[in-house]
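Report on the following structure.
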Amino acid sequence: YGITLAAAPYFTLGDVAALSFERTSPFSILVVLKPNISAWGNIIGKMNSASFPGWRFDFLASGLLMFDLRNSAGRAMTQTNAAPANGTTTMLLVTYNGVNTAGIIFYKDGAVYAQTGQADTLSSGTIIDTTPAVIGSIAGGTLLNATVGLLAVFSTNKTAEDARRWAWLG
């Protein structure tokens with residue numbers, strides 16, 4: 001059971017202070033979903049699409065996962081090397097240690113999910129913006145095509161043990 005996001009409205013949460021993470025703030029995102037990915041889709045994000053301060057957790061059109069933090073001068077971004085299978089319920093966890101791209105780790109069903117760092121140029125500027133946090137789309141763009149059973153955001157860097165403990169959710 002869950003909320004199916006596909007040609008359905010996305011959810012705008014507003015400028016939620018608890019989701020306004022700074023580039024030096026560790027945080028993690030846990031999602032249990034059944035994807036049906038054929039186009040870019042945002043799981044959750046709080047990023048200004050014009051000037052790019054903020055963060056987001058997305059599916060790329062290829063089905064790969066991407067986690068991206070940006071400010072006006074740079075970004076920390078990495079993506080998975082493989083796509084979760086469409087039509088299969090999957091537990092995904094992405095963690096950020098508050099330091100750099102090397103501190104971004106993906107987990108799938110309790111195990112580390114292979115990834116490749118794409119950019120490590122996040123500068124000393126802020127990533128905080130007043131842009132609303134959104135589930136299922138970024139700034140009204142392409143909708144996420146998935147059934148979401150659970151979505152949680154933590155203001156801590158979750159561990160491999162946390163990922164193993166939550167693996168049963170997928």
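Side-chain atoms of Asn71 come within 3.5 Å of backbone atoms of Ala73 as a donor-acceptor pair (strictly under, hydrogens ignored). Between the Gln115 side chain and the Ile104 main chain, a donor and an acceptor come within less than 3.5 Å of each other. Side-chain atoms of Thr156 do not come within 3.5 Å of backbone N or O of Lys158 as any donor-acceptor pair. Between the Asp162 side chain and the Arg165 main chain, no donor and acceptor come within less than 3.5 Å of each other.
Closest approach of Ser20 and Asp129 over heavy atoms only: OG-O, 4.3 Å. The shortest heavy-atom contact between Ala146 and Pro35 is CB-CA, 3.8 Å. Nearest heavy-atom pair, Val16 versus Lys46, reported as atom, atom and distance to 0.1 Å: O-CE, 3.9 Å. Shown here for Thr78 and Thr116, the closest heavy-atom pair between the two residues is OG1-O, 2.7 Å.
How far CD1 of Ile43 is from CZ of Arg56: 11.5 Å, rounded to the nearest 0.5 Å. Separation of atoms CD (Glu22) and OG1 (Thr126) is listed at 3.5 Å; rounding is to 0.5 Å. Of the inter-residue distances, the one linking Leu144 atom CG with Ile37 atom CD1 reads 5.0 Å to the nearest 0.5 angstrom. For the atom pair Tyr96 OH and Phe57 CZ, the distance stands at 15.5 Å (nearest 0.5 Å). We find the CD1-CE distance between Ile127 and Met47 to be 8.0 Å, quoted to the nearest 0.5 Å. Taking CG of Leu33 as the reference point, atom OG1 of Thr88 lies at 11.0 Å (rounded to 0.5 Å).
No path of Ile, Leu, Val, Met, Phe, Trp and Tyr side chains, each step under 4.5 Å between heavy atoms, connects Ile128 with Trp55, placing them in separate hydrophobic clusters. Residue Leu150 is grouped with residue Met91 when hydrophobic side chains (ILVMFWY) are merged at heavy-atom distances under 4.5 angstrom, including chains of intermediate members. Note on Val99 and Ile105: separate hydrophobic clusters, where clusters join Ile, Leu, Val, Met, Phe, Trp and Tyr whose side-chain heavy atoms are under 4.5 Å apart, directly or indirectly.
Taking the side chain as every heavy atom from C-beta outward, Leu65 and Val94 never approach each other to under 4.5 Å. Side-chain contact check for Asn81 versus Leu64: every heavy-atom pair is 4.5 Å or farther apart. Side-chain contact between Arg23 and Ser124: present, with at least one pair of heavy atoms (C-beta onward) separated by less than 4.5 Å. For the pair Thr121/Thr101, no side-chain contact is recorded, criterion being any heavy-atom separation below 4.5 Å from C-beta on.
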* To do: Just do the side-chain contact (heavy atoms from CB on, under 4.5 Å) check on Phe59 and Asn145 with the steps written out, would you?
  => CA-CA 10 Å; Phe59 274 101; Asn145 190 357; over 6 Å; no

* To do: Show the numbers, then the answer: is there a side-chain contact (heavy atoms from CB on, under 4.5 Å) between Arg75 and Phe52?
  => CA-CA 9 Å; Arg75 69 194 300 189; Phe52 295 115; over 6 Å; no

* To do: Give the C-alpha distance, both sets of side-chain angles, the deciding distance and a yes or no for side-chain contact (heavy atoms from CB on, under 4.5 Å) between Val148 and Val31.
  => CA-CA 7 Å; Val148 178; Val31 64; 4.0 Å; yes

* I would like to know whether Thr95 and Tyr107 meet side-chain contact (heavy atoms from CB on, under 4.5 Å); could you show each step before the answer? => CA-CA 8 Å; Thr95 66; Tyr107 298 90; 4.2 Å; yes

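Ring pair Phe67/Phe27: centre-to-centre distance below 6.0 Å.
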